[in-house]
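Only one structure is covered here, and it is reproduced in the block below.
So you know, we letter chains A, B, ... as the sequences are listed, proteins then strands, and number each from 1.
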Protein chains: 2
Amino acid sequence: MTRDLEIITTIFKDLSFTQEESQLLVRSFEKLHLPKHSLLLEAGQHVYDQYYVAEGCLRTYYIAPDGKEHTVQFAIQDWWISDYTAFFNSSTASMHIECIQDATLFKISKVDMELLYKAMPRIESYFRKKMERAFASFQKRIIANLSQSATERYLNFINTYPNIEQNVKNYHIASYLGVTTQSLSRIRKELVQG
Amino acid sequence: MTRDLEIITTIFKDLSFTQEESQLLVRSFEKLHLPKHSLLLEAGQHVYDQYYVAEGCLRTYYIAPDGKEHTVQFAIQDWWISDYTAFFNSSTASMHIECIQDATLFKISKVDMELLYKAMPRIESYFRKKMERAFASFQKRIIANLSQSATERYLNFINTYPNIEQNVKNYHIASYLGVTTQSLSRIRKELVQG
DNA sequence: CAAAAAAATTGACCTATGGTAATTAAGCTA
DNA sequence: TAGCTTAATTACCATAGGTCAATTTTTTTG
């Protein structure tokens, strides 16, 4: 075992593995560094991989036909990121992924994922649970979008991601909340003034 | 094997099982009929189960503090339904589930689900993939909510669920799209008149 | 089939948020 | 530090969609 076991001690820290399993895991992942402002993925590209964020911050966004950006997801430490619709279907991305803080990622292909699932059902359980949590949080966001005002959604956001504000621009937050930067600016002003 | 194998031939029609596995499956599910207008689940109740829709139509909705209803999901034939946030966490529902067309359901508890996963990793794969598809479709809906007008979302809806219109009321659709019934009515008028 | 109840539509008016554009502030880079 | 670039703020007007209230249409039920 020459290659490091960082993957196991960070991503799968709650599971334990045999020697052989560890080796398979290590072989399946590739570590990479990504500088701020670079694009990890662009719309139109084939999506083979998903990425675990060991450090840094990224965002997935969609560019609508009218040219406007809509942030679908932020990913910080211990999150996974990809264009999942494309990843699951082994098809072409409709979204972009941008690094917004220098990041360290662990990359794994869909093909290797499937092999891991077969070899270690525990891993499949791990990802099923991940999906369940992601599902629940998307559902929560849909409800928020349907039932709350922009101000409420903003308060909700800074509550949910208390540390993220250092990293992300206001227009990232605005495009996540579904308002213009001008509106967000007014909302912030209102909140300060009372 | 006295009990029927309906579950296997409908829910898991793409998988095959041993005699023993079949028995476990049959024992895990319970069939039930639900009349139109009845509530399958109410906010505040403990959520132990999820349901497979063999026939009929249901919807999950959230009632906001201001009393307004927001439809989170419709479930038709071959879909699963529950308050998933509560189901995954074995906690209390924040949503209601209403039957909007006489339904036949197969119910299974979370505890029994976990047993199935352990006994048959194929079943866990099946549900992981279900979750992936649900995840992708929620993401699509978030993007639609962020980037499209009410009219576009409506057209999108009747495109995605071409048959559902017979079953559901306009105010169900409105509360799914995030507009008032009055607005939806105007939108429909516009579309007819051109 | 008639009456009652539920759902959908319409109109007049209102409000939150968007669009455009100019101004200020903050971050980088030479 | 100055100068350039990017981001944020502000002001003014426009508009999609909300609110309230009345009316019509559809569905349900005795």
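- Computed from coordinates, the B:R186 CZ to C:dA12 C1' distance equals 10 Å when rounded to whole Å.
- A salt bridge does not link B:K118 to B:E124: none of the charged nitrogens lies less than 4.0 Å from a carboxylate oxygen.
- For A:K189, taking side-chain heavy atoms from C-beta onward, the closest of the listed nucleotides C:dG18, D:dG17, D:dT10 is D:dT10.
- In this structure, A:I100 places its CD1 atom 17 Å from C1' of C:dG27, rounding to the nearest Å.
- Ion pair B:E114/B:K110 flagged as a salt bridge, since at least one NZ, NE, NH1 or NH2 atom sits closer than 4.0 Å to an Asp/Glu carboxylate oxygen.
- Taking atom CD on A:E69 and atom C1' on D:dT6, their separation rounds to 14 Å, with Å as the unit.
- An OP1 or OP2 oxygen of C:dA7 is reached within less than 4.0 angstrom by no side-chain nitrogen or oxygen of B:N170.
- Taking side-chain N and O atoms only, A:K68 has a distance below 4.0 Å to OP1 or OP2 of C:dG19.
- With A:Y176 as the aromatic partner, A:R141 meets the cation-pi criteria of under 6.0 angstrom to the ring centre and within 45 degrees of the ring axis.
- Counting to the nearest Å, the C1' atom of D:dA16 and the CD atom of B:E152 are 12 Å from each other.
- Put simply, OH on A:Y171 is 12 Å from C1' on D:dT5, counting in whole angstrom units.
- When each of B:S185 and A:I187 is assigned the nucleotide of DNA chain C with its nearest heavy atom, B:S185 is the one assigned upstream, toward the 5' end.
- Taking the six-membered ring wherever Trp is involved, the centroid distance between the rings of A:Y51 and A:F106 does not fall below 6.0 Å.
- Remark: C1' of C:dA7 and CZ of B:R188 are 11 Å apart, rounded to the nearest angstrom.
- For the pair A:S183 and C:dG18, the criterion of a side-chain N or O lying under 4.0 Å from OP1 or OP2 is met.
- Contact annotation: B:K169 does not reach the phosphate of D:dT25 (side-chain N/O to OP1 or OP2, under 4.0 Å).
- Taking the six-membered ring for Trp and the full ring otherwise, B:W80 and B:F127 have centroids separated by under 6.0 Å.
- Residues A:Q148 and A:Q182 both approach DNA chain C. Their nearest nucleotides, taken by heavy-atom distance, put A:Q148 toward the 5′ side.
- Taking atom NE2 of A:H37 as the reference point, atom P of D:dT6 lies 10 Å away to the nearest angstrom.
- Between the CD atom of A:E190 and the C1' atom of D:dA11 there is a distance of 15 Å, rounded to whole Å.
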